[in-house]
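Comments concern the structure below.
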Number of protein chains: 4
Amino acid sequence: MTGKKTSVRHEVKSSVKDESLIEKRRDQMIRGAVKLFREKGFHRTTTREIAKEAGFSIGTLYEYIRTKEDVLYLVCDRIYEEVNHRLSPLAEKQGTLAGLKDAIRLYIETIDAMDDEFTVMYQETKSLPRTALSYVLEKELEMAGLFERMLAGCSEAGEIRLSEKEARLGAHHIIVQGQMWAFRRWTLRKQFTLGEFIDMLTDQLLYGVAGCPQEGETK
Amino acid sequence: MTGKKTSVRHEVKSSVKDESLIEKRRDQMIRGAVKLFREKGFHRTTTREIAKEAGFSIGTLYEYIRTKEDVLYLVCDRIYEEVNHRLSPLAEKQGTLAGLKDAIRLYIETIDAMDDEFTVMYQETKSLPRTALSYVLEKELEMAGLFERMLAGCSEAGEIRLSEKEARLGAHHIIVQGQMWAFRRWTLRKQFTLGEFIDMLTDQLLYGVAGCPQEGETK
Amino acid sequence: MTGKKTSVRHEVKSSVKDESLIEKRRDQMIRGAVKLFREKGFHRTTTREIAKEAGFSIGTLYEYIRTKEDVLYLVCDRIYEEVNHRLSPLAEKQGTLAGLKDAIRLYIETIDAMDDEFTVMYQETKSLPRTALSYVLEKELEMAGLFERMLAGCSEAGEIRLSEKEARLGAHHIIVQGQMWAFRRWTLRKQFTLGEFIDMLTDQLLYGVAGCPQEGETK
Amino acid sequence: MTGKKTSVRHEVKSSVKDESLIEKRRDQMIRGAVKLFREKGFHRTTTREIAKEAGFSIGTLYEYIRTKEDVLYLVCDRIYEEVNHRLSPLAEKQGTLAGLKDAIRLYIETIDAMDDEFTVMYQETKSLPRTALSYVLEKELEMAGLFERMLAGCSEAGEIRLSEKEARLGAHHIIVQGQMWAFRRWTLRKQFTLGEFIDMLTDQLLYGVAGCPQEGETK
DNA sequence: AATGAATGAGTGTTCATTCAT
DNA sequence: TATGAATGAACACTCATTCAT
C-alpha cells in the first residue's frame, strides 16, 4: 500500500535475460504452485510437480528460480500484489465510517476470492528463507497499516473515538477476521454466507456484541 | 470440554506394554517435538532429532509410535488435554457476563502460556492423517462450542442479546483471536501487553470499536 | 513360447522417457543384479549395491524402477525372454523323437549357459509382488506347455505312446531336470560333464533305468 | 542314514543349561518358524514373530540361539532328523526292485507330509552361514547316497543294469523329483494325486517314457 | 532458452541383538 | 530362566538441484 520505507524486495535470480519471458514463466509457475500448495502444502509438493503443473520441465523451472523456496516467495509476493491491486480504490475513502465499512467488505470479498492463496500464504510463510520472510511480514504490516490509518481517520473525523492503540488493535482485528474466513472455511461456510459473515463482522467490530450495555467499565 | 458424543480418539499404537512407561516416554517425546516443531516446523524436523531431543534413540522412538505423523497427533492431542484441563473451571460460570469475561481471560492466558504448542498445532494441523485430522478438528469445534454456549447463556440470562448465529460467530471470534495471540506474537507483543490485549479484546467483542454510536444500521 | 493368450506383462514404470536409454540402463541393472542375487540372494542385496554394480547412482536406479522388487521382476522377465529366444528354433521340429532329443539338449544347454540366472529365478521367485509372480508362473507353464506339445506330437506320430497325463508329467520331468542342473551344480558338476548329463537324462526319460524289464507292473 | 564320516554337527550355542528345556524350547521355536518361513520366507520373518509364534519373548528366544540364522539351521536340521527317522526302515530292503519302489514311495510320501518343511529348507538353504550350509548339503548327499546304494544294490543283484554314474544320476533324479513335489505343488497337485505322481515317477525312472522302443541307441 | 537424465545427501522406518531387571 | 525395553546400523526410497546436450 502506501507504506513509508517499503522493505527491499527480496530478489529472485533468474538465468534468463528476457524480462517479459520471466514474467510469463513465473506466472505459469505461480498459478501451478498455488494450486498444488493448496492441495498438499508446500513441503509435500515437489519441484517436478510444480514444473509439470506450470507446463514445462524442471530444467526450465530452475532457469527462473534458484531454490524451491523462491517459488513460495513468488507466490506470497504475487498475492500481496494482487491484494494491493484489489484494495487500491480504498486509499481515497479515508475518514468516513461508510468508507471503512466498504473497505472491510472489499477486503473480505478479496480474501473470499483468493482464499486458496491466502491459506497457502498463512500456512507456509514460516518456510520462507529469512530475508523473504521479513519482506512478507512487512507487507502484512503495511496492510494492517492501511486499516489502522482508516480507523484513525474516522477517529479524527469524529465518527468514532479511538486511542492509537485501539486503532492498532482494531486494524489487527479486521485482518484476523479476514484470515479466519480463509482459514476456517471448513466450518464457517457451513454456517454463514459471505454476506452474513461480512455484516456480522462489521457489526461486531463497530458495535460489539449486540445489546451489551455500553458503559465500558471493562477493567 | 462438555461435548455430547466426543469423537473416537485416534489411537496411537505402541509396541511397549507398560502403560506408565508409555506415558512417560510420550511426555518426553511431546516436549521435544513441540520445541523442534516450533523452531523448524513439522516437515523440517527429523524423527532422529525428535528422538534425540526427547533423550532416546530412534529405535526407542519407534517403540512408542508408528509414524512421524503420530508424533504430531500426540502433540495436538496433548494440547487439547491441557487446554481442557486449564479451562475446566469455566464450566460452571455460565450465564453471566462476568463469567464470560473470565473465560476469555483464562483462554487467552492459557494460550499465552502455551503459545509454542498452539502455534505448532495451527500451523501443522493439515499434515495430520485423515482420521487424526478430523479428531483434532472436532476437538476444536468442541472448544468453540464452549464459548458459544456461554454466549447463548448470557443471552438467555438477558445480559446481552444475540441471535444463534451471532453467538456462533462470537465464539469463533474468541477462538481466532486467541490463535492470533499465539500466531502473530512477533508483532502483537511489541505493541500490547497480555493484559492490554485481553482487555481490548473483551471490550471490542462486547462493545465494539469504542465510541461508535450504537444505532446498528449496518446494512 | 507359442502360448495362446499370454498373460498381460507386468509393467515396470520408469520416469525416463527415452525408450532406448531405458533398455540400456535396464540391461546394466539386470546384469549387475543377477550377479549380486546369485552371490547373496535377493534379500541380502542392497539397492545401492545394485546401482553401483550397474555403474550408476541409486538416484539413477530409481529413475528406471519403482521398487526393489521391480529389479527382480526385470531379471525374471529377461531370463524368459532369453530362453524363449534360444529355444525358438524348436517350434518346427515337433512330432519326431529326434526333434524331442534336440529340444532337450538345447534346453539343458541353455540352462547351462544361464545357470546363474536360473538359480536366481527359482530361488527368489516367491519374493515377487503378486502380479509379477503370476506373470512369471504363467511363463513357466508356457515353457512346460512347449515340451508337453512336443511329447504329444511324438505320441500322435506314433513314435512313443503316452496318455495326456503322462505327457504332462514328462514335460514337467524335463523342466525339473533342467532346474536340477542349475540348482545342484554344486554337486552334479563334480560328477558329470554337460554332455554326459544330457545323454543320461534323455536315456532315462525315454528308456528308463537301463536294463529294467519292461513289463510295467509297477503297483 | 548310514554315512561314512558324517560331518561335524554345526553347534548352536544356548546360554541355558538344562538340556531338556533346550529341547522343549527349540521344539516350540522350530514349529513356529516353519510355519512363518513357509508363509513369508526366512527374510520376511522377524525374530519377534518367531518368538511370539513359539509362545515366548524375544529375550527368551535369544537364550536358546545366537543368531536368527541359527533358527534356520535348527529347522533344516530337524527336517533331516525327521526324514531320516521316517526313512530308516528302508536300510534293510536293499538289493531288490520292490525295495527300491517302496523306498521311492516312502520318500515321496514323507515329503508330502512335510512339504512345508521341505519347501522352507530348499528355498532358504542359501541363507545359512557357511558351516551350517555345508552341514546341510552333506546331509543331502547322504540322502542321495541312500538311493544310490539302493540302485547299485539292485544292479548288483541283476535286477537292473546301471553303471556307477547312472546310479548316481538316478539317485539325484529321485531326490529332485521329491523336491519338486514340495516345491511345485501349486501346479502339480492340480494335475496329479499323490498316488499317481508316485506311480508315474517310478515308471518313468525304471521304464522311461512309456512305449518308447527300447533299443537304447541314444547317442 | 529448454530439456530431462543424473546425482547423492537425506529421510522415515525396521529389526536383529543386547542387557538390566 | 524369562522378560521386554533400548539400541543403532542398515535399508528402501525421495527429491532438490545440476549440467551436458
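All of these numbers come straight from a predicted model, not from anything done at the bench. Letters A, B, ... are given to chains in the order of the sequence lines, protein chains preceding strands, and every chain is numbered from 1.
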Legend entry - Minimum-distance nucleotide to D:Leu21 side chain [options: E:dT13, F:dT7, F:dA2]: F:dA2
Inset, instruction - Could you check A:Thr60 against C:Thr60 and say which one's nearest nucleotide on DNA chain E is further toward the 5' end? - result: A:Thr60
Legend entry - Whether A:Phe42 and A:Phe37 hold their rings parallel, tilted or perpendicular, with breakpoints at 30° and 60°: perpendicular
Legend entry - Given F:dA2, F:dA12, E:dT14, the nucleotide with the shortest approach to the side chain of D:Arg25: F:dA2
Legend entry - Interatomic distance where NZ belongs to A:Lys13 and C1' belongs to F:dT17 [whole Å]: 18 Å
Legend entry - Touch class at under 4.0 angstrom, heavy-atom based, for A:Ser14 against every strand present: nothing
Inset, instruction - Please check if atom CZ in B:Arg44 has more than 12 non-hydrogen atoms from other residues, nucleotides or ligands closer than 6.0 Å. - result: yes
Inset, instruction - In whole angstrom, give the distance that lies between atom NZ of A:Lys52 and atom P of F:dC15. - result: 14 Å
Legend entry - A:Tyr64 versus A:Arg25, closest heavy-atom pair with distance: CZ-CG, 3.3 Å
Inset, instruction - Take atom CZ of C:Arg26 and atom C1' of E:dA5, then tell me their distance rounded to the nearest Å. - result: 15 Å
Inset, instruction - Measure the distance from CG on B:Leu61 to C1' on E:dC15 and round it to the nearest whole Å. - result: 15 Å
Inset, instruction - Taking atom NZ of A:Lys24 as the centre, report whether more than 12 heavy atoms of other residues, nucleotides or ligands fall under 6.0 Å from it. - result: no
Inset, instruction - May I ask you to verify if any side-chain N or O of C:Tyr64 is less than 4.0 angstrom from the OP1 or OP2 atom of E:dA5? - result: no
Inset, instruction - Would you kindly compare A:Asp18 and C:Asp18 by the position of their nearest DNA chain E nucleotide and give the one closer to the 5′ end? - result: A:Asp18
Legend entry - Selection from F:dT17, F:dC13, E:dG8 that lies nearest to any side-chain heavy atom of C:Thr47: F:dC13
Inset, instruction - Starting from C1' on F:dA16, measure out to CZ on A:Arg44 and report it in whole angstrom. - result: 17 Å
Inset, instruction - Would you mind reading off the distance between A:Lys17 atom NZ and E:dA1 atom C1', rounded to a whole angstrom? - result: 12 Å
Inset, instruction - Would you kindly compare B:Ser15 and C:His43 by the position of their nearest DNA chain F nucleotide and give the one closer to the 5′ end? - result: B:Ser15
Legend entry - Electrostatic pair A:Lys126:B:Glu124 at N-O distance under 4.0 angstrom: yes
Legend entry - Out of E:dT3, E:dA2, F:dA16, whichever nucleotide has its closest atom nearest the side chain of A:Phe56: E:dT3
Legend entry - Identity of whatever pairs with F:dC15 - Watson-Crick or G-U, under 3.5 angstrom: E:dG8
Inset, instruction - For A:Glu49 and F:dA16, give me the distance from atom CD to atom C1', rounded to whole Å. - result: 13 Å
Inset, instruction - Calculate the interatomic distance between D:Arg48 atom CZ and F:dT3 atom P; express it in whole Å. - result: 14 Å
Legend entry - Closest listed nucleotide, where the reference is the side chain of A:Thr67 and the choices are F:dC13, E:dA5, F:dT17: F:dT17
Inset, instruction - Check every atom of E:dA6, F:dG8, E:dG8 against the side chain of C:Ile58 and return the nucleotide holding the closest atom. - result: E:dG8
Inset, instruction - Would you mind pulling out the nucleotide paired to E:dA1, Watson-Crick or G-U wobble, both distances under 3.5 Å? - result: none
Inset, instruction - Give the nucleotide from the list E:dA5, F:dT18, F:dC13 with an atom nearest to the side chain of A:Tyr62. - result: F:dT18
Inset, instruction - Please determine, for the side chain of B:Ser57, which listed nucleotide (E:dT17, F:dG8, E:dT7) has the closest atom? - result: F:dG8
Legend entry - Nearest listed nucleotide, side chain of B:Glu63, among F:dC13, F:dA6, E:dT17: F:dA6
Legend entry - N/O donor-acceptor pair under 3.5 Å between C:Ser14 side chain and C:Val16 backbone: yes
Inset, instruction - Could you check which of E:dG12, E:dA9, E:dA16 has an atom nearest any side-chain atom of B:Thr46? - result: E:dG12
Inset, instruction - Any strand is fair game: report the nucleotide pairing with E:dT21 by Watson-Crick or G-U wobble, both distances under 3.5 Å, or none. - result: F:dA2
